[in-house]
Amino acid sequence: MRLRASGDVRPSPQERAERRPGDDLVPHPDVVMDTAFTVPAPPRDVWPWVVQLGKKRAGWYLPRRVERLVPPGRRALRRVDQRWQALAVGDVIPDYGGRDETFTVALLAPERHLVHTSTRGSMRMTWSIVLRPTGSDDGAEAATRLLFRVRLAPVRRQWVARTVGGLFDELTIRGLAAGLTERLTESARNRRPGPGERRPDE
């Protein structure tokens, strides 16, 4: 079965309730935003795409139909770039939230999770990405569930953060779901051997 990212990036109630790596870095959040989606590839294939995300790195993945509206120089990469694969705890990554805004890598476990921290004025935040192996309904193909969580505290206008901020977060993750799925599908197609060819590991 070929999996495709849908427009639904809502996590399950169990996923919302579970503890994640990095939760203790903002232990009493005023606002928590959870999103999730599934892509048709195992964590080992998804991780290189996740680890290179970011401003002045591989960019933010969007599908081609959307990227046509973006200037070519600002479109995200459509390949894994080895320049961005050596991410480590303590590394600082520019953020799209503003010219001087950044994220710092706080936790990193290859193929499992990546947690960023940031301070915006008096507000502390974490952004975690968890990769969880799963499979299709018939168990025939490997897949990965990606779980995203933003935790914020203190937040002065909590209603605004939950509604406006939550909507923006959901829209950007929807774009990422479609863009990442598209790239993974194209990458798998390019790796597929032609007639009479053998896979590299055979």
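Along the sequence shown, the residues carry numbers beginning at 1.
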Check the pair Val9, Phe148 against side chain to side chain contact (heavy atoms under 4.5 Å, CB included), reporting the backbone distance first and the verdict last. CA-CA 10 Å; Val9 294; Phe148 298 80; over 6 Å; no
Joint hydrophobic cluster, [X] plus [Y], side-chain heavy atoms closer than 4.5 Å:
{"X": "Val105", "Y": "Val26", "answer": "no"}
{"X": "Leu53", "Y": "Val150", "answer": "yes"}
{"X": "Leu77", "Y": "Leu180", "answer": "no"}
{"X": "Leu152", "Y": "Leu167", "answer": "no"}
{"X": "Val115", "Y": "Leu131", "answer": "no"}

Indicate yes or no for a side-chain donor-acceptor contact from [X] to the backbone of [Y] under 3.5 Å, with no hydrogens or angles considered.
{"X": "Arg162", "Y": "Val31", "result": "no"}
{"X": "Arg149", "Y": "Val130", "result": "no"}
{"X": "Glu111", "Y": "Pro42", "result": "no"}
{"X": "Thr38", "Y": "Arg145", "result": "no"}
{"X": "Arg57", "Y": "Pro94", "result": "no"}
{"X": "Asp34", "Y": "Pro11", "result": "no"}
{"X": "Asp169", "Y": "Gly165", "result": "no"}
{"X": "Arg151", "Y": "Pro29", "result": "no"}
{"X": "Arg20", "Y": "Glu15", "result": "yes"}

Search all heavy atoms of [X] against all heavy atoms of [Y] and return the closest pair with its distance.
{"X": "Pro21", "Y": "His113", "result": "CG-ND1, 3.6 Å"}
{"X": "Ala161", "Y": "Val155", "result": "CB-CG1, 3.8 Å"}
{"X": "Ala106", "Y": "Val89", "result": "O-CG1, 3.6 Å"}
{"X": "Arg183", "Y": "Ala76", "result": "NH2-O, 3.5 Å"}

Atom pair [atom1] ([X]) and [atom2] ([Y]), whose distance is rounded to the nearest 0.5 Å:
{"X": "Asp23", "Y": "Ser128", "atom1": "CG", "atom2": "OG", "answer": "6.5 Å"}
{"X": "Met123", "Y": "Arg156", "atom1": "CE", "atom2": "CZ", "answer": "12.0 Å"}
{"X": "Ile129", "Y": "Thr35", "atom1": "CD1", "atom2": "OG1", "answer": "9.5 Å"}
{"X": "Ser118", "Y": "Glu101", "atom1": "OG", "atom2": "CD", "answer": "6.0 Å"}
{"X": "Trp47", "Y": "Thr144", "atom1": "CH2", "atom2": "OG1", "answer": "12.0 Å"}
{"X": "Asp30", "Y": "Arg124", "atom1": "CG", "atom2": "CZ", "answer": "9.5 Å"}

Keeping to residues at least two apart or across chains, list the ring-ring contact (aromatic ring centres under 6.0 Å, His included) pairs with something in residues 153-185. none
In terms of heavy-atom contacts, does CZ of Arg157 have more than 12 from other residues, nucleotides or ligands at under 6.0 Å? no
How far apart are the C-alpha atoms of Leu146 and Val50, what are their side-chain angles, what is the distance that settles it, and do they pass the side chain to side chain contact (heavy atoms under 4.5 Å, CB included) test? CA-CA 10 Å; Leu146 285 103; Val50 169; 3.8 Å; yes
So do the side chains of [X] and [Y] get within less than 4.5 Å of each other, counting heavy atoms only?
{"X": "Val39", "Y": "Trp49", "result": "no"}
{"X": "Arg112", "Y": "Pro43", "result": "no"}
{"X": "Val51", "Y": "Trp84", "result": "no"}
{"X": "Tyr61", "Y": "Thr181", "result": "no"}
{"X": "Arg19", "Y": "Asp24", "result": "yes"}
{"X": "Met125", "Y": "Phe103", "result": "yes"}
{"X": "Ile93", "Y": "Leu87", "result": "yes"}

Check this for me, if you would: do Arg120 and Asp95 make a salt bridge, where the nitrogen-to-carboxylate-oxygen distance has to be below 4.0 angstrom? yes
Output yes when Glu182 and Arg78 qualify as a salt bridge under the 4.0 Å nitrogen-oxygen rule, no when they do not. yes
Plane angle bin for His116 and Trp127 - parallel if under 30°, tilted between 30 and 60°, otherwise perpendicular: parallel
